[in-house]
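These notes are about the structure you will find just below.
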Amino acid sequence: MSSMPAKLLFTTLYILLVSLPMHMSPHDVKIGSKQFRSSSSGHRSKGSGDGSAKGCNHNNRPLGTNTTPCQKSTAIQAVPASPPLVFADQRLEVVYPTIQRFKSSITSDPLGVTKTWVGSDICSYKGFYCDTPPDNSSATALASIDFNGFQLAASTLDDFIDNLPDIALFHANSNNFGGTISPQIAKLPYLYELDVSNNQLSGPFPTAVLGMSTLTFLDLRFNFFSGEVPPQIFIQNLQVLFINNNIFTQGLPDNLATTHILLLTLANNKFMGPIPRSLPKALSSLSEVLLLNNQLTGCLPYEIGFLEEATVFDAGNNQLTGPLPLSLSCLEKVEVLNLGGNLLYGMVPEVVCAGLVNLVNFSLSDNYFTQVGPLCRMLIQRGVLDVRNNCIPDLPFQRSVMECAEFFATPRMCPFMWFYSLIPCKLPFQNPIP
């Protein structure tokens, strides 16, 4: 009888085991109220971080429930490392980071120039040119840069030009570079041409160029440089100095008399004061003398006749006054002579109209001249001489009588007036017309 309870207990346990739900997986284990799925691989399945397993069979999930779809595990593949760049010369390797930094600073590149600035072949980059450096005939270095017309834009050229140790020529005309010129360019041993014209550069004159013995060509035109131009620059060993179309404000320096510059443009600034008497002799070898659109005052010096090589003399749109010196007749090579837009007065000298045999354009418009002779009238008829908006009574397109009277009510005298009748050259005719 004692064995009956034992048999009954065994039978009951067997029935309970057989009646367990058939959908339970042998890998499901329930502990308390949470269920986990074990993995034969030993890795926790996605979503196990909150303790609830998300199954992959969602065919029977209730509508409206938001469950995470099954995702296949992806193996992480190693990306092969890029091969190291190989440069033709160590000097090119040195400037490579500088070029790439500058490339990253460019904010506009409408012509897609910088797309070529890739890889180790710097000499094939658009705008970059290599050559043999002066100190090593077997080396290859970045020798010159020509960005002219590329329309690139960047806030500064600092840390670019000055970090190209072998650069000899840097031309960047017609871009949109801002900032100033780094003082560090003074350390560049081979730089002899620097052209940053027609950009957005500003600040004072870049004094770093002073004392650069190799520099022969400096073009700062069409920027926003301001202040004074150091007088030292005019006696430096430059052949070309273009500083027109900036905002330089000062008198023309006296040491221009000793300049060796062959091409000099000072136009479209705010240079003030008289034209130094020493200036024409100093610039006697120049083919173009451009002083237009400044704030020059005083009288034209007699020495203007010493500009023997000038084919262009332009001092228009200033505040120059007085009569025309007869020495202008000595400019035998001049083709363009512009003195329009000043405060000049008196008679247009016949000897000037007769002596300037190569004239193509002679402008005296917007002044206060009162008389022209027959030789000058011939130039008017030929369309060479322009005397519109003066005070010549019998010619059309002149100022009003009231305007002329108001001008002549204020006396304007020039020093050394007796010089104005001198002609320091031999004219093409024997007896000059007075």
Can any side-chain N or O of [X] pair as donor or acceptor with the backbone N or O of [Y] at less than 3.5 Å?
{"X": "Asn223", "Y": "Asn199", "answer": "yes"}
{"X": "Asp314", "Y": "Val336", "answer": "no"}
{"X": "Asn269", "Y": "Asn246", "answer": "yes"}
{"X": "Gln250", "Y": "Pro230", "answer": "no"}
{"X": "Tyr420", "Y": "Gly322", "answer": "no"}
{"X": "Asn294", "Y": "Leu291", "answer": "yes"}
{"X": "Thr265", "Y": "Ala267", "answer": "no"}
{"X": "Asp162", "Y": "Asp159", "answer": "yes"}
{"X": "Asn244", "Y": "Leu266", "answer": "no"}
{"X": "Asn175", "Y": "Gln151", "answer": "yes"}

Next item on the list: State plainly whether the residues Asp166 and Arg91 are in salt-bridge range, i.e. N to O under 4.0 Å.
Entry: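 Salt bridge: yes.
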
For the student: nearest non-hydrogen atoms of [X] and [Y], plus distance:
{"X": "Val95", "Y": "Pro165", "result": "CG1-CD, 3.9 Å"}
{"X": "Ser197", "Y": "Asp195", "result": "OG-OD1, 2.7 Å"}
{"X": "Asn342", "Y": "Gln319", "result": "OD1-N, 3.3 Å"}
{"X": "Leu286", "Y": "Leu264", "result": "CD1-CB, 4.0 Å"}
{"X": "Val348", "Y": "Cys353", "result": "CG1-SG, 4.1 Å"}
{"X": "Cys391", "Y": "Arg399", "result": "SG-CD, 4.1 Å"}

Next item on the list: Would you verify whether the NZ or CZ of Lys126 falls within 45 degrees of the ring axis of Phe150 while also being under 6.0 Å from that six-membered ring's centre?
Entry: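 Ring-cation test returns yes.
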
Spacing of [X] atom [atom1] and [Y] atom [atom2] [to the nearest 0.5 Å]:
{"X": "Tyr129", "Y": "His171", "atom1": "OH", "atom2": "NE2", "result": "11.5 Å"}
{"X": "Ser144", "Y": "Phe128", "atom1": "OG", "atom2": "CZ", "result": "10.0 Å"}
{"X": "Ser202", "Y": "Ile181", "atom1": "OG", "atom2": "CD1", "result": "10.0 Å"}
{"X": "Leu379", "Y": "Leu385", "atom1": "CG", "atom2": "CG", "result": "6.0 Å"}
{"X": "Met347", "Y": "Cys376", "atom1": "CE", "atom2": "SG", "result": "6.5 Å"}
{"X": "Asn389", "Y": "Phe397", "atom1": "CG", "atom2": "CZ", "result": "11.0 Å"}

Check whether any side-chain heavy atom of [X] sits under 4.5 Å from a side-chain heavy atom of [Y], and report yes or no.
{"X": "Phe313", "Y": "Leu339", "value": "yes"}
{"X": "Phe242", "Y": "Leu263", "value": "yes"}
{"X": "Cys130", "Y": "Leu92", "value": "yes"}
{"X": "Leu169", "Y": "Phe217", "value": "no"}
{"X": "Leu279", "Y": "Pro301", "value": "no"}
{"X": "Asn176", "Y": "Ser108", "value": "no"}
{"X": "Leu395", "Y": "Ile380", "value": "yes"}
{"X": "Ile423", "Y": "Cys330", "value": "yes"}

Heavy-atom neighbours of [X] [atom1] exceed 12 at 6.0 Å:
{"X": "Gln232", "atom1": "CD", "answer": "yes"}
{"X": "Lys270", "atom1": "NZ", "answer": "no"}
{"X": "Met417", "atom1": "CE", "answer": "yes"}
{"X": "Arg388", "atom1": "CZ", "answer": "no"}

Notebook entry, point to check: Mind checking whether Phe177 and Phe102 have parallel, tilted or perpendicular rings, split at 30° and 60°?
Noted result: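 Ring orientation of Phe177 relative to Phe102: tilted.
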
Margin query: Tell me whether the rings of Phe408 and Tyr368 are parallel (<30°), tilted (30 to 60°) or perpendicular (>60°).
Written below: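 Taking Tyr368 first and then Phe408, their aromatic rings stand perpendicular (interplane angle over 60°).
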
Next item on the list: Establish, yes or no, whether a centroid distance under 6.0 Å links the rings of Tyr302 and Phe416.
Entry: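 Here the rings of Phe416 and Tyr302 have centres that are no less than 6.0 Å from each other.
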
Check: For Ala405, which residues count as a side chain to side chain contact (heavy atoms under 4.5 Å, CB included) partner, sequence neighbours excluded?
Finding: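 Ala405: no side chain to side chain contact (heavy atoms under 4.5 Å, CB included) contacts found.
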
Check: Could you go step by step and tell me if Thr297 and Asn318 meet the side chain to side chain contact (heavy atoms under 4.5 Å, CB included) rule?
Finding: CA-CA 7 Å; Thr297 57; Asn318 282 283; over 6 Å; no

Notebook entry, point to check: side chain to side chain contact (heavy atoms under 4.5 Å, CB included) between Met212 and Leu218: does it pass, once the steps are laid out?
Noted result: CA-CA 11 Å; Met212 292 181 66; Leu218 179 61; over 6 Å; no

Note to self: Between Asn163 and Lys187, does the side chain to side chain contact (heavy atoms under 4.5 Å, CB included) criterion hold? Intermediate values first, please.
What the structure shows: CA-CA 9 Å; Asn163 282 322; Lys187 68 183 181 181; 4.2 Å; yes

Using distance alone, with no hydrogens and no angle criterion, decide if [X] and [Y] have a side-chain donor and acceptor under 3.5 Å apart.
{"X": "Asn293", "Y": "Asn317", "answer": "yes"}
{"X": "Asn245", "Y": "Asn268", "answer": "yes"}
{"X": "Asp89", "Y": "Thr140", "answer": "no"}

Notebook entry, point to check: side chain to side chain contact (heavy atoms under 4.5 Å, CB included) between Phe225 and Ile243: does it pass, once the steps are laid out?
Noted result: CA-CA 9 Å; Phe225 293 111; Ile243 57 175; over 6 Å; no

Checklist line | Residues that Glu193 engages under salt bridge (Lys or Arg N to Asp or Glu O under 4.0 Å), provided they are two or more places apart | finding: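 Not a single residue meets the salt bridge (Lys or Arg N to Asp or Glu O under 4.0 Å) criterion with Glu193.
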
Item checked: Identified side-chain contact (heavy atoms from CB on, under 4.5 Å) counterpart of Asn198 within the set Asn148, Asp219, Asn173 ->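 The single option meeting the side-chain contact (heavy atoms from CB on, under 4.5 Å) with Asn198 is Asn173.
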
